[in-house]
*Asks:* 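Got a structure for you, written out below as C-alpha cells; questions coming shortly.
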Amino acid sequence: MNTINIPVLALRGMTAFPGETVSFDVEREISIFALDNAMEGDRRLFLVTQRKIGVSEPEEQDLYEIGTVCHVLQIIGVNKIHRAFSIAC
C-alpha cells in the first residue's frame, strides 16, 4: 500500500462529494497554507468536514474520518488573509 501526503482543509458547515464542483471562501491561516501547498504540488487537496462549525482551530478529533480528494481549479486571491477558490472533486 502506497502512502501519499495531501494537504488537508477542514470545511465548516459544508461537505464536498465526489463529482461535485464547489466554490467557497478560505480565511483561516492554516487553510490558506494547505491551499498554497496544494497549488505548489499537483493541486490535490483533501477536504474533510468539521464535526462542529463553532470550532475555530479544529484538531484531528474535531474532523470526520472520511473526506474527499479534490483538484483545485481556480484561486481568486482577494488578499493575504482571504481567498476564494473553486475545486472539482
*Asks:* Can you give me the closest heavy-atom contact between R44 and V69, atom names plus distance?
*Replies:*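 Taking every non-hydrogen atom into account, CD-CG1, 4.1 Å.
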
*Asks:* Treating R28 as the side-chain partner and S56 as the backbone partner, does any N or O pair qualify as donor plus acceptor under 3.5 Å?
*Replies:*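 Yes.
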
*Asks:* Treat each ILVMFWY residue as a node, draw an edge where side-chain heavy atoms are under 4.5 Å apart, and state whether V26 and I75 are in one component.
*Replies:*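 Same hydrophobic cluster.
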
*Asks:* Would you indicate whether I53, at its atom CD1, is surrounded by more than 12 heavy atoms from other residues, nucleotides or ligands within a distance under 6.0 Å?
*Replies:*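 Atom CD1 in I53 is not crowded, with 12 or fewer foreign heavy atoms closer than 6.0 Å.
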
*Asks:* Taking M14's backbone N and O only, do any of them form a donor-acceptor pair with T49's side chain (distance below 3.5 Å, no angle check)?
*Replies:*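 Yes, T49 side chain to M14 backbone: donor-acceptor pair under 3.5 Å.
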
*Asks:* Any non-hydrogen side-chain atom of D36 less than 4.5 Å from a side-chain atom of M39?
*Replies:*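 No, side chains not in contact.
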
*Asks:* Counting neighbours of CD on E29 that are heavy atoms of other residues, nucleotides or ligands and sit closer than 6.0 Å, is the number greater than 12?
*Replies:*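 It does not: E29 CD has 12 such atoms or fewer within range.
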
*Asks:* Search all heavy atoms of C70 against all heavy atoms of L47 and return the closest pair with its distance.
*Replies:*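 Minimum heavy-atom contact is SG-CD1, 3.7 Å.
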
*Asks:* If I compare all heavy atoms of C89 with all of F17, which pair ends up nearest, and what's the gap?
*Replies:*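 Residues C89 and F17, closest heavy atoms: CB-O, 3.3 Å.
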
*Asks:* Would you say the side-chain atoms of R43 pair up with the backbone N or O of V72, donor to acceptor, closer than 3.5 Å?
*Replies:*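 Yes; judged by distance alone, with no hydrogens or angles, the pair exists.
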
*Asks:* Side-chain contact, heavy-atom cut-off 4.5 Å: F24 with I87?
*Replies:*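 In contact.
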
*Asks:* Rounded to the nearest 0.5 Å, what separation is found between the OG1 atom of T3 and the CG atom of N5?
*Replies:*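 If I round to the nearest 0.5 Å, the distance is 8.0 Å.
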
*Asks:* Please give me the minimum heavy-atom distance between P7 and A34, naming the atom from each residue.
*Replies:*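 The answer is CB-O, 3.4 Å.
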
*Asks:* Rounded to the nearest 0.5 Å, what separates atom CG in D62 from atom CD in E60?
*Replies:*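 Answer rounded to 0.5 Å: 10.0 Å.
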
*Asks:* Is there a side chain to side chain contact (heavy atoms under 4.5 Å, CB included) between F85 and Q74? Walk through the geometry before answering.
*Replies:* CA-CA 5 Å; F85 69 103; Q74 180 182 29; over 6 Å; no

*Asks:* Give me the atom names and distance for the closest heavy-atom approach of Y64 to Q50.
*Replies:*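 Taking Y64 first and Q50 second, the nearest heavy atoms are CE1-O, 3.7 Å.
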
*Asks:* After noting the C-alpha distance and the side-chain angles of R12 and E27, does the key distance pass the salt bridge (charged side-chain N to carboxylate O under 4.0 Å, His left out) rule?
*Replies:* CA-CA 11 Å; R12 282 196 274 195; E27 293 183 357; 5.9 Å; no

*Asks:* Please name the pair of heavy atoms, one in D25 and one in A84, separated by the smallest distance, quoted to 0.1 Å.
*Replies:*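 Smallest heavy-atom distance, with atoms named: OD1-CB, 3.3 Å.
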
*Asks:* State plainly whether one hydrophobic cluster holds both I66 and F46, where clusters connect Ile, Leu, Val, Met, Phe, Trp and Tyr through side-chain heavy atoms under 4.5 angstrom apart.
*Replies:*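 No: no chain of side-chain contacts under 4.5 Å links I66 to F46.
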
*Asks:* Within the supplied structure, the quantity of interest is the number of heavy atoms (other residues, nucleotides, ligands) at a distance under 6.0 Å from Q61 CD; does it exceed 12?
*Replies:*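 Enclosed.
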
*Asks:* What residue among I32, L45, N37, V48 forms side-chain contact (heavy atoms from CB on, under 4.5 Å) with L9?
*Replies:*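 Single pass found, and it is L45.
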
